[in-house]
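Note sheet for the following structure.
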2 protein chains.
Amino acid sequence: MARWAPNARMRLVEAAVDLFTEQGYDATTVSQIAERAGGLTRTTFFRHFADKREVLFAGQDVHRQVLADAIAAAPDSATPLEMVASALDALTGWFGDDRREFSTRVRAIMDANSELRERAVFKRVALAQSVTDALHERGVPDPAAGLAADLCVRAFFEAYERWADPAGPASFTDTARQAFDELRTALATLS
Amino acid sequence: MARWAPNARMRLVEAAVDLFTEQGYDATTVSQIAERAGGLTRTTFFRHFADKREVLFAGQDVHRQVLADAIAAAPDSATPLEMVASALDALTGWFGDDRREFSTRVRAIMDANSELRERAVFKRVALAQSVTDALHERGVPDPAAGLAADLCVRAFFEAYERWADPAGPASFTDTARQAFDELRTALATLS
DNA sequence: TGATTGATGTTACCGAGTCACATCACACTA
DNA sequence: TAGTGTGATGTGACTCGGTAACATCAATCA
């Protein structure tokens, strides 16, 4: 028998989401999260997450990688918009239905707290920066790369808002494609 | 003779910028800032600013107002791009040369600290949201309003990066106009 | 003259985040 | 089989950000 139960990190995330849902983010201490995650301590929590907020963003690095890989894999003939469209497909495809309920709960927690929204915005910009960097690698210059990246991330989060809702649409990918098309159409109305 | 020296708020900002420059943001405590600002205390600092970071963003609400007012004042015949272009002119025009050295110092402080960059990103998004709201008021629908607002804010900060540099260009307004034009040109290269 | 106001100070508290050091099951090696 | 890491965890102590209740006192005004 192992000395410690495995998956401490995942247990911390689940404990945190549960407690934040029950009591709110501010009213929950890191000690409470660690205790609920199988009798751990504060120190262990901070060994897994840089700060209290970060527990809600665990695993987002994967999203960056999915986007970057898709752009790297796009055909040479693709335009910047086609590159980010395929990246958008890759990322929304990565989200399964099993993640939907969790996403809904996390979204509700974040909506209720300004510190968390601040971190979420930061992560969103970091995601856009990853896309921008990947486009640079494919030869897309500034500032076009930044604009294309923004369209990609904007479509993603617009679709996420709709999908991470119990009454929302079933297909994340279709929702995102639709949001992306709406953005492309809107571009023509600006001038 | 008054009991307290006036302009405590401004003195706190100046003391903070001085100390952050000398010692770095992390190594400076709120007590040190308050003490340097004429023998004040921690409590007084937190009566003027919601948290330690906020002292570096004091007065940014004015920027939101300047942008919103300019969009509200644009002629009815203006396209969304023309509206945000005039807002961009208004905001860059608001910055005088007297603010340039201060901006340079603040920029250096923020570049060195990730907490501060996070707050800066949040403020930037809040600024874009203000522009979006102002465009809604003028009848620009979603998602076009968000896109136009992004172009505006993107041009502003691109120009700010160049201007808030001792070796940068002299005219903030001209720099921003140029950045905005570059963005418009890049839009045509996306698809 | 006396009450009110408003910016400030005092004190005490909580919790986030850090650090040095201790613990101990497990794995590996001689 | 005994000994020796190793790595995830715990312990205790500390600093500092942030909050709240209460006190102070010059200026102002009734």
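Atom set for the values below is all heavy atoms of this structure, side chains included, hydrogens, waters and symmetry mates excluded. Chain naming here is simple, since letters A, B, ... match the order of the sequence lines and numbering starts at 1 in each.
Within the structure, a side-chain polar atom (N or O) of A:His48 is placed less than 4.0 Å from OP1 or OP2 of D:dT9.
The side chain to side chain donor-acceptor pair (under 3.5 Å) analysis of residues 136-146 of chain B, with sequence neighbours excluded, yields the pairs B:Asp76-B:Arg138, B:His136-B:Asp142. Applying the side chain to side chain donor-acceptor pair (under 3.5 Å) test to pairs two or more places apart or on separate chains, those with a residue in residues 181-191 of chain A are A:Arg162-A:Glu182, A:Gln178-A:Glu182, A:Asp181-A:Arg184. Sorted by first then second residue, the side chain to side chain donor-acceptor pair (under 3.5 Å) pairs that include residues 36-51 of chain B, not counting sequence neighbours, are B:Glu22-B:Arg36, B:Asp51-B:Arg119.
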For this session: Tell me, with the steps shown, if A:Gln65 and A:Asp61 meet side chain to side chain donor-acceptor pair (under 3.5 Å).
Result: CA-CA 6 Å; A:Gln65 200 58 50; A:Asp61 290 339; over 6 Å; no

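The separation between A:Leu40 atom CG and C:dT23 atom C1' is 15 Å, rounded to whole Å. B:Arg9 has its CZ atom 16 Å from the C1' atom of C:dG6, to the nearest Å. Taking atom CH2 of B:Trp4 as the reference point, atom P of D:dT24 lies 14 Å away to the nearest angstrom. For the pair A:Asn113 CG and D:dG18 C1', the interatomic distance rounds to 14 Å; values are reported in whole Å.
Under the salt bridge (Lys or Arg N to Asp or Glu O under 4.0 Å) criterion, B:Arg107 pairs with B:Asp111, B:Glu161, sequence neighbours left out. With sequence neighbours excluded, the residues satisfying side chain to side chain donor-acceptor pair (under 3.5 Å) with A:Asp18 are A:Arg105. Partners of B:Asn7 under the side chain to side chain donor-acceptor pair (under 3.5 Å) rule, at least two apart in sequence or in another chain, do not exist in this structure. Remark: B:Ser103 engages no residue in a side chain to side chain donor-acceptor pair (under 3.5 Å) (not counting sequence neighbours). For A:Lys52, there are no salt bridge (Lys or Arg N to Asp or Glu O under 4.0 Å) partners, not counting sequence neighbours.
Annotation: proximity of residues 14-37 of chain A to DNA chain C (heavy atom, distance under 4.0 Å) is found for A:Thr28, A:Thr29, A:Val30, numbered in ascending order. Scanning residues 51-59 of chain A for heavy-atom distances under 4.0 Å to DNA chain C yields A:Asp51, A:Lys52.
Within 4.0 Å (heavy atoms only), B:Gly39 reaches sugar-phosphate atoms of the nucleic acid but no base atom.
Classification of B:Glu14 and B:Arg9 as a salt-bridged pair fails, no side-chain N sitting under 4.0 Å from a carboxylate O.
Annotation for B:Met110: hydrophobic cluster partners, listed by chain and number, are B:Leu12, B:Val13, B:Val17, B:Leu19, B:Phe20, B:Tyr25, B:Val30, B:Ile33, B:Leu40, B:Phe45, B:Phe46, B:Phe49, B:Val55, B:Leu56, B:Phe57, B:Phe102, B:Val106, B:Ile109, B:Leu116 (ILVMFWY side-chain heavy atoms under 4.5 Å, direct or chained).
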Just the table, please: protein N/O against nucleotides 19-21 of chain D N/O, every pair under 3.5 Å.
none

